[in-house]
Amino acid sequence: MSLDKGTKEEITKKYQLHEKDTGSADVQIAILTERIAELTDHLKRTPKDHNSRLSLLKLVGQRRRLLDYLNSTDTKRYQTLINKLKLRR
């Protein structure tokens, strides 16, 4: 259930802060959001897959912690990121 290399590179290029940025909170949140969307679609097709459901909950928690960190350090970047990703908050 992980993303392929091409998708990760596209997301990284779209949300990176500078040319060599691959691990900033923005990039990590965008990658987690894509993985959450894929897992959500998978769980709609296979509702009895409890291991994937647990993985989804872990990913959502990890994204929440990163969003909280970003909000506490740079609120303007946080606001622009949730608008770009169309996240509710």
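As a basis for the values below, the full set of heavy atoms in this structure was taken, side chains included, without hydrogen atoms, waters or symmetry mates. Remember, it's a predicted structure, so these values are computed and weren't measured experimentally.
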Gap between atom [atom2] of [Y] and atom [atom1] of [X] - 0.5 Å precision:
| X | Y | atom1 | atom2 | result |
| --- | --- | --- | --- | --- |
| K84 | T80 | NZ | OG1 | 6.0 Å |
| R35 | S55 | CZ | OG | 8.0 Å |
| K86 | L81 | NZ | CG | 12.5 Å |
| E34 | L39 | CD | CG | 11.0 Å |
| L59 | L54 | CG | CG | 9.5 Å |
| T40 | R53 | OG1 | CZ | 9.5 Å |

Exercise. Does the side chain of Y78 come within less than 4.5 Å of I82's, by heavy atoms?
Worked result: yes
Problem set entry | T12 and I31, any side-chain heavy atoms less than 4.5 Å apart | yes
Closest non-hydrogen atom pair, [X] against [Y]:
| X | Y | answer |
| --- | --- | --- |
| E19 | Q16 | O-OE1, 3.5 Å |
| Y15 | L85 | OH-CD2, 3.2 Å |
| V27 | T22 | CG1-O, 3.5 Å |
| A25 | R77 | CB-NH2, 4.4 Å |
| L3 | T7 | CD2-CG2, 4.4 Å |
| I11 | A30 | CG2-CB, 3.5 Å |

For this session: With salt bridge (Lys or Arg N to Asp or Glu O under 4.0 Å) as the test, would you mind laying out the steps for D68 and R64 before giving the verdict?
Result: CA-CA 6 Å; D68 289 343; R64 173 85 271 133; 3.5 Å; yes
For this session: State plainly whether one hydrophobic cluster holds both L87 and L66, where clusters connect Ile, Leu, Val, Met, Phe, Trp and Tyr through side-chain heavy atoms under 4.5 angstrom apart.
Result: yes
Problem set entry | Main-chain N/O of Q79 paired to N83 side chain as donor or acceptor, under 3.5 Å | yes
